[in-house]
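First the proteins, then the strands, lettered A, B, ... as listed; each starts at 1.
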Protein chains: 2
Amino acid sequence: MKIAPGPADGARFASAWSDLATVGRDQQRGGYSRHAFDDAEMAMRSWFVEQAERRGLQVEVDRNANIWAWWGTPGPGALVTGSHLDSVPGGGAFDGPLGVVSSLLAIDELRVRGFVPSRPIALVCFVEEEGGRFGLPCLGSRLMTGVADADQVRRLHDPDGVNVADAARRVGIDPERFGPDPERVAMIDAFVELHVEQGRLLHAADPSAAVAVGSQIDAHGRWRFTFTGEGNHAGTTRPADRRDPMIPAAATVLAARRALVDHPDAVATVGRIVPNPGGTNVIAGSVDLWLDARVATSEATIAVVDAITAAARLEAEAEECTVVLRRESFSEQVIFDPNLGLQCAQILEAPMIGTGAGHDAGVLAPFLPTAMIFVRNPTGVSHSPAEHAEIADCVAGIGALADVLGRAGQADGDSRAVTP
Amino acid sequence: MKIAPGPADGARFASAWSDLATVGRDQQRGGYSRHAFDDAEMAMRSWFVEQAERRGLQVEVDRNANIWAWWGTPGPGALVTGSHLDSVPGGGAFDGPLGVVSSLLAIDELRVRGFVPSRPIALVCFVEEEGGRFGLPCLGSRLMTGVADADQVRRLHDPDGVNVADAARRVGIDPERFGPDPERVAMIDAFVELHVEQGRLLHAADPSAAVAVGSQIDAHGRWRFTFTGEGNHAGTTRPADRRDPMIPAAATVLAARRALVDHPDAVATVGRIVPNPGGTNVIAGSVDLWLDARVATSEATIAVVDAITAAARLEAEAEECTVVLRRESFSEQVIFDPNLGLQCAQILEAPMIGTGAGHDAGVLAPFLPTAMIFVRNPTGVSHSPAEHAEIADCVAGIGALADVLGRAGQADGDSRAVTP
């Protein structure tokens, strides 16, 4: 069944948006928890497939479980847009789904405008962009490009010990098919991802602008510190007899903040810490702590992490604990295709801004021209239930995406017209 | 079916002990996780009931879900022993179950000795001694004595948000019956709890002794600190714009350690910390942290907690966060009945030692004469999978418990002969 396309307006956006309002609510944390292959994310995927099929788009799931919906015959020269459906634990409504919903409504908008594409256009939903369940962000795009090794990915596990392979099988996805998909990557001439902004650089660049175009993504990564001491009874173990891994772990949280004094352009965060066993009356035997660090360049990021690691080692030694450091992910700085970005900025008369947030567009950037459109976030708050964007700005974002797709999609046989 | 009683020996102990070896294994943390009304604890309860019935003991479950097994007609003048079946998360095998298993085998031993009790003897399993699921230790004994309010207990909830009332109902226990049980308390003339030692004071007092008798329990309590800041994106929020509750939480962990410099007799521990939402790439919106603090006297304990709280408030303010402090439990210092203790020590020719660990015997102590028998723990490690006691020492503990029950249970009509 096809539905009549309509112009992007507040009512149409609100209607589509309300479909997702109740999917994956996190009663404990607030906001949403939608993670790869869980019930909430599967409901989101079903919703997308239904919406795409209603619009007469041809839906397929690639070997890495990313969903594609094609307007026109799938094939080379494709212009692709989309984002992700998953969230961080207790995240906001916009991060990810805004790009997916906007891609569907941009197709409607283009049809209202009478646009007929001269090249294939595809909408894509990438799997586990946040890494909220299995720890590795941009799982789907990393697998597709071969940046992540499929064997290693299959063995990643969630906090309950369920690995990626079993989680995928549970929902009928064959994890043995995971792996690089160079033919698919080669089909894509350009990828444009719309996303809610996750800061207030847009406001700083132009307080009157509802959208901006992305210029670069800071280098960023995740490091897991495992401090090991000796589990024991909290009531009967004298301070001198303790080897409590919570002590160096706590000191490392503070070291991460202190490191920013010497690195004023960096951010470093500990948002996740898990003592084992985690009992109130128990000295932990070990503590896992995750550090998220980002600075514009890879070298600067590594310098910050090195400073924090040095502090962690000293603190662990002082408590007679050990510390093991594992890098769970690392992304070099991404400079989005300057020509494509500049053209988007000209089409939209929008400012260009960088970001500290990682995106699938960043993973794809070394392989093909990519661009991002950011929608204004009045408070800048993201990864939080308080994340927000105004409906009028979301509608402006849909219009902007339609403008860019329309210009690029009508490129009259020259499939790289806006992606030189 | 009755089983032939046998003398306490290593083979009989090992056989009973092996029944429990696989119940409630924690695959993630190591050791055991057995918590009130969960599958593991229910399996432990069933095992105890079966063992008691095999011995011809009369089993009843009191209004607070504690299990009683009577040798002789239930009634006043009772001599009671027992302990608990639950564990801390990822705890050892001995803390709790050793006292229960020993109570059953002490009955066997007394029968082999031809002992005929002249007063009722009961074995008891108290519910949720560790507070590992619902946060309040000694739940069963606190309810029975009225130290904990039943309405408040019913509303306590586990980390998954399941409250005590619903958890009880799920396993067929009526939470509406929870409440003080003064008739039952009045029935008990003396309570003797056998427990693995959770430190090495026994070794210090007498390196050749396998058991000791308890003299006192330090005052101890649990305090929950909730730090609230502003949840946000770890990659895009500048340090100056952050209100990260992990910062004061980490500083409070270190303040708890520092406070012990001024209070050398105290212990203070943070073994549990939960950032919300707990994502790697998310600045937490709030952090819950639990402090366990213990010193001999109540005044000294409060002084330590006050010092840590003052530091927590300063650190929260510096990060523009708020902090709310809630006392989840508090137990005054317990001095066990000195006459009963001295008599036990004389019967057993054992040293007397104090402890920093809380016990149901401590909750009962203000209401009736109580004593504890501690079994040697060679490393002192407890609340850990590494917790250990030698079989020979466990057998010695069973013998000691039989000695004490035998002397007190034959008290020739004078039910207070060893409990003046």
For each of Thr237(A), Asp26(A), Asp292(A), tally heavy-atom pairs with chain B at distances under 4.5 Å, and name the one with the top tally.
Asp292(A)

May I have the step-by-step check of side-chain contact (heavy atoms from CB on, under 4.5 Å) for Glu319(B) and Arg257(A), ending in yes or no?
CA-CA 11 Å; Glu319(B) 185 73 11; Arg257(A) 172 61 67 86; 2.8 Å; yes

Please classify the contact between Pro264(B) and chain A as side chain, backbone, both or neither, with a heavy-atom cut-off of under 4.5 Å.
backbone

Under 4.5 Å heavy-atom distance to chain A, tell me which part of Ala256(B) shows up: side chain, backbone, both or neither.
neither

Is the number of heavy atoms from other residues, nucleotides or ligands under 6.0 Å of His157(B) NE2 greater than 12?
no

Looking at [options], which makes the most heavy-atom pairs under 4.5 Å with chain A?
options: Gly132(B), Ala284(B), Pro89(B), Gly161(B); value: Pro89(B)
options: Gly235(B), Gly131(B), Gly279(B), Gly30(B); value: Gly235(B)
options: Ser384(B), Pro385(B), Gly278(B); value: Gly278(B)

With only heavy atoms counted, which part of Ala268(A) is less than 4.5 Å from chain B, the side chain, the backbone, both or neither?
backbone

Sort Ala240(A) into side chain, backbone, both or neither according to what part of it lies under 4.5 angstrom from a heavy atom of chain B.
neither

Sort by residue number and list every member of residues 241-248 of chain A having a non-hydrogen atom under 4.5 Å from chain B.
Arg242(A), Asp244(A), Met246(A), Ile247(A)

Report yes if some heavy atom in the side chain of [X] is under 4.5 Å from a heavy atom in the side chain of [Y]; otherwise report no.
X: Pro137(A); Y: Asn281(B); result: no
X: Asn232(B); Y: His383(A); result: no
X: Pro239(A); Y: Leu260(B); result: yes

What closest approach, in Å, do Leu254(B) and Leu254(A) show between heavy atoms, and which atom pair accounts for it?
CD1-CD1, 3.7 Å

